[in-house]
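Right, one structure below, let's go through it.
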Amino acid sequence: MADCIFCSIVDGDIPNHTVYEDDDVLAFLDVNPLARGHTLVIPKEHHERVNDLPADLAADVFATVHDLTDDVEAAVNAEATTIAVNNGPAAGQEVPHVHAHIVPRSEADGGKPVHALIDNPPEVDDDEFADVAAAIRDD
Ligand code: 5GP
Ligand code: ZN
């Protein structure tokens, strides 16, 4: 897609440090890493959000995340990784081409878990849990 940074990377118009590539998926180092080895995994085809991906391409992207996680941890001697997708602008997505972050982590990095993302989590009672679960199941 024109004006998409990640499409330009796929097309070879913006240099990157590629760590994995196949016909459908590209993985490369984040230019502004949160940790050494911070890697982005993208579908080569332009889609904005996870929800927009064809199921087989979503599976390919996640399979690549799965395959790379050990390699990323080993390369930078990380104890763990945070694997995350900012899925839509309201969730902090800045590049509108779906991408999974693999961020190497250590006990000493000062980072936080996913549960630190939200300042004001809701209080949910049993009825509401049931309603929300039913709405997600769509029954
Ligand atoms: P988002 O906030 O959309 O989830 O994350 C976008 C990520 O893309 C950021 O971590 C940012 O550093 C990275 N990024 C933005 N532009 C480029 C680029 O041109 N090259 C690379 N390698 N990473 C980029
Ligand atoms: Zn794109």
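Values reported hereafter were calculated over all heavy atoms of this structure, with side chains retained and with hydrogens, waters and symmetry mates removed. Whatever order the structure lists ligands and atoms in, that order sets their numbers, starting from 1.
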If you compare all heavy atoms of [X] against all heavy atoms of [Y], which two are closest, and at what distance to 0.1 Å?
| X | Y | result |
| --- | --- | --- |
| His101 | His38 | ND1-NE2, 2.9 Å |
| Gly88 | Gln93 | N-OE1, 2.6 Å |
| Phe129 | Val124 | CE1-O, 3.4 Å |
| Pro104 | Ile102 | CD-O, 3.5 Å |
| Arg105 | Ala78 | O-CB, 3.8 Å |
| Cys7 | Met1 | SG-N, 3.1 Å |

Atom indices of ligand 1, in the order listed, that fall short of 4.0 Å to a heavy atom of Phe28: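 It comes down to these atoms of ligand 1: 21 (C), 22 (N).
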
Where ligand 1 meets Asn86 - atom numbers and elements under 4.0 angstrom, heavy-atom basis: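 Under 4.0 Å from Asn86, ligand 1 has these atoms: 1 (P), 2 (O), 4 (O).
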
Transitive ILVMFWY side-chain link Ile42 to Val72, under 4.5 Å: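 The answer is no; the residues belong to distinct hydrophobic clusters.
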
Option nearest atom 17 (C) of ligand 1 (shortest heavy-atom distance, choices Ile14, Val85, Val31, Val103):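 That would be Val31.
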
Option of least heavy-atom distance to atom 20 (N) of ligand 1 (set: Asn16, Leu29, Ile9, Asn32):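 Checking each option, the heavy atom nearest atom 20 (N) of ligand 1 is found in Ile9.
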
Passing option when Pro43 is tested against Leu53, Thr64, Asp60 for side chain to side chain contact (heavy atoms under 4.5 Å, CB included):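 Only one option passes, and that is Leu53.
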
In terms of residue, atom name and distance, what is the protein heavy atom nearest to [atom]?
| atom | answer |
| --- | --- |
| atom 8 (O) of ligand 1 | Phe6 CZ, 3.4 Å |
| atom 7 (C) of ligand 1 | Asp30 OD2, 3.5 Å |
| atom 2 (O) of ligand 1 | Gly92 O, 3.2 Å |
| atom 15 (C) of ligand 1 | Val95 CG2, 4.1 Å |
| atom 3 (O) of ligand 1 | Glu94 N, 2.7 Å |
| atom 19 (O) of ligand 1 | Ile5 CG2, 3.4 Å |
| atom 5 (O) of ligand 1 | His99 NE2, 3.1 Å |

Any N, O or S atom of Cys7 closer than 2.8 Å to the Zn ion (ligand 2):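 So Cys7 counts as coordinating the Zn ion (ligand 2), yes.
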
CG/Asp13: more than 12 non-hydrogen atoms of other groups inside 6.0 Å: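 Counting other residues, nucleotides and ligands, CG of Asp13 exceeds 12 neighbours.
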
Backbone or side-chain N or O of Gln93 under 3.5 Å from ligand 1 N or O: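 Between Gln93 and ligand 1 (N or O atoms, distance only) the closest approach is not under 3.5 Å.
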
Residue part near ligand 1, for His17, under 4.0 Å between non-hydrogen atoms: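 Within the 4.0 Å criterion, His17 makes no contact with ligand 1.
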
Flag side-chain contact, heavy atom, 4.5 Å: Tyr20 against Asp71: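 No; the side chains remain at least 4.5 Å from each other.
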
Angle subtended at the Zn ion (ligand 2) by ND1 of His46 and ND1 of His97, nearest 10°: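 The angle at the Zn ion (ligand 2) comes to 110°, rounded to the nearest 10°.
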
